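Single-structure report; data block below.
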Number of protein chains: 2
Amino acid sequence: MSSVQVNSVRMNDAPAWLSPAEQHAWRAFIRLHQKLWATLERDLKARKLSGADFQILVALTDTSDGRQRFQDLANTIEWEQSRLSHQIARMIKRGLVARDECTEDGRGAFVAITPAGRKAIEAAAPHHVAMVRRLFIDALSPDELDTLARLSNRVLEQLDNVPP
Amino acid sequence: MSSVQVNSVRMNDAPAWLSPAEQHAWRAFIRLHQKLWATLERDLKARKLSGADFQILVALTDTSDGRQRFQDLANTIEWEQSRLSHQIARMIKRGLVARDECTEDGRGAFVAITPAGRKAIEAAAPHHVAMVRRLFIDALSPDELDTLARLSNRVLEQLDNVPP
DNA sequence: CCCAACTACATGGCGTGTCATCTACCTCCA
DNA sequence: TGGAGGTAGATGACACGCCATGTAGTTGGG
């Protein structure tokens with residue numbers, strides 16, 4: 001969490017913090033993501049969509065009929081069910097999506113993109129993609145991009161193996 | 001924001017989304033950070049501190065007298081002033097920090113770590129550092145860590161140059 | 001057929017973050 | 001010296017995310 005040296009805390013069996021090189025890498029990685037993400041969020045918000053909205057709308061756009069069951073949608077975008085439920089409730093209020101009851105299963109429901117939702121994502125997506133290019137992709141060569149992907153995936157594997 | 005292909009949206013002057021390789025790198029980078037951050041947050045919360053608490057307490061611990069002006073603290077950790085104000089208000093309620101009035105400037109105030117705050121950070125920090133090691137540092141070789149830092153800093157520069 | 005266990009989604013509470021706005025105080029110059 | 005304008009921080013409204021819990025509807029074994 002922190003990007004600052006903890007001087008006053010020590011352990012017995014391991015270095016209390018990180019070596020300068022380790023700390024440098026850790027800080028750079030964290031700062032990069034936070035600034036990048038914040039910039040993209042602000043940019044989207046200026047077009048009246050949050051990152052969360054965007055993700056939902058893209059996922060719905062990617063289905064043939066523009067709708068998906070809550071569970072499936074939650075799995076697609078790797079969200080907790082309650083997070084999705086809250087988010088969809090907010091988006092329904094704003095008319096971006098609608099809730100379709102499910103006839104086969106009385107408990108279930110579909111989330112369906114509305115025409116307004118489609119209009120919103122179509123208005124925001126090109127600019128957003130251009131931003132991702134400008135801020136991230138264009139800063140690195142194809143080789144470097146590959147390297148970054150490889151390293152990221154390596155750490156992701158570590159995460160899957162460790163997480164008690 | 002999204003990690004899903006936008007099939008139905010096109011631009012005239014640029015690819016509508018990212019090439020497979022670009023998308024792969026972008027997705028991996030985003031997913032890594034989100035999972036890593038979420039894991040660390042959950043781990044800290046189990047010890048009754050949020051990432052935000054942790055960052056504040058570390059920054060205060062790093063000063064000689066355990067206190068700092070709001071502005072200075074905000075600059076140190078790169079937060080907006082109002083975010084800091086809200087956060088400190090919450091931490092005061094929990095007794096982790098205190099507000100010291102500033103005699104030289106009647107508007108200003110210091111945030112000061114309390115004994116309880118010190119106890120909390122000292123209890124949490126070693127475990128947290130160990131987690132950062134386990135989840136992130138140990139997944140990569142020193143060379144790879146350097147590479148990651150270099151690439152991160154490159155993108156950060158791009159961010160500083162572009163942001164309008 | 002019936003009810004217990006399970007599933008799908010909703011909801012409330014709380015901590016968090018942003019933006020816009022407010023208040024108190026300070027500075028500096030006419 | 002007396003405002004005008006700037007600065008330090010607080011606050012209210014709202015969106016977001018997590019956890020725990022609630023409520024329908026469904027299913028399967030007896």
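Below, read A as the first sequence line, B as the second, and so on, with proteins coming before strands; counting in each chain starts at 1. For clarity, every value in this text was computed on a predicted model and none was experimentally measured.
In this structure, B:Met91 and A:Asp105 both approach DNA chain C, and ranking their closest nucleotides by distance from the 5' end singles out A:Asp105. Each of A:Asp53 and A:Glu104 lies near DNA chain D, and the nucleotide nearest A:Asp53 is the one positioned closer to the 5' end. Along DNA chain D, the nucleotide closest to B:Gly108 and the one closest to B:Ser82 are compared, and the more 5′ of them pairs with B:Gly108.
Atom CD of A:Glu101 and atom P of C:dC9 are 10 Å apart (whole Å). Going from atom CZ of B:Arg107 over to atom P of D:dG5 covers 17 Å, rounded to whole Å. A:Trp37 places its CH2 atom 16 Å from the P atom of C:dG17, with the value rounded to the nearest Å. Atom-to-atom, CG of A:Leu84 to P of C:dC9 comes out at 9 Å; the value is rounded to the nearest Å. Per the geometry, CH2 belonging to B:Trp79 stands 14 Å off P belonging to D:dA10, to the nearest Å.
Contact of B:His86 with D:dG9 (side chain to base): no donor-acceptor pair of N or O atoms is detected under 3.5 Å.
Here B:Ser50 does not reach the OP1 or OP2 of C:dG15: none of its side-chain N or O atoms lies under 4.0 Å away. Residue A:Gln87 places at least one side-chain N or O closer than 4.0 Å to OP1 or OP2 of D:dC16. For A:Arg90, a side-chain nitrogen or oxygen approaches OP1 or OP2 of D:dC16 to under 4.0 Å. Checking the phosphate oxygens (OP1, OP2) of C:dG15, no side-chain nitrogen or oxygen of B:Arg94 falls inside 4.0 Å. Of the side-chain N and O atoms in A:Arg69, one or more sit less than 4.0 angstrom from OP1 or OP2 of C:dC9.
Within the 4.0 angstrom heavy-atom criterion, base atoms lie near B:Gln81. A:Arg83 comes within 4.0 angstrom of the backbone, heavy atoms only, and of no base.
When only modelled atom types and interatomic distance are considered, B:Ser50 and B:Glu41 share no side-chain donor-acceptor pair under 3.5 Å. Between A:His127 and A:Asp43, the side chains place a donor N or O and an acceptor N or O closer than 3.5 Å (distance only, hydrogens not considered). Between the side chains of B:Asn153 and A:His24, at least one donor-acceptor pair of N or O atoms lies under 3.5 Å. Using modelled atom types and a 3.5 Å distance limit, the side chains of B:Gln34 and B:Arg31 yield no donor-acceptor pair.
Listed nucleotides: C:dC9, D:dG9, D:dC19. Nearest to the side chain of A:Glu80: D:dC19. Looking at the side chain of A:Gln71, the nearest of the listed nucleotides C:dG17, C:dA8, C:dC19 is C:dA8.
Aromatic rings from B:Phe70 and B:Phe110 are positioned such that their centres are separated by 6.0 Å or more.
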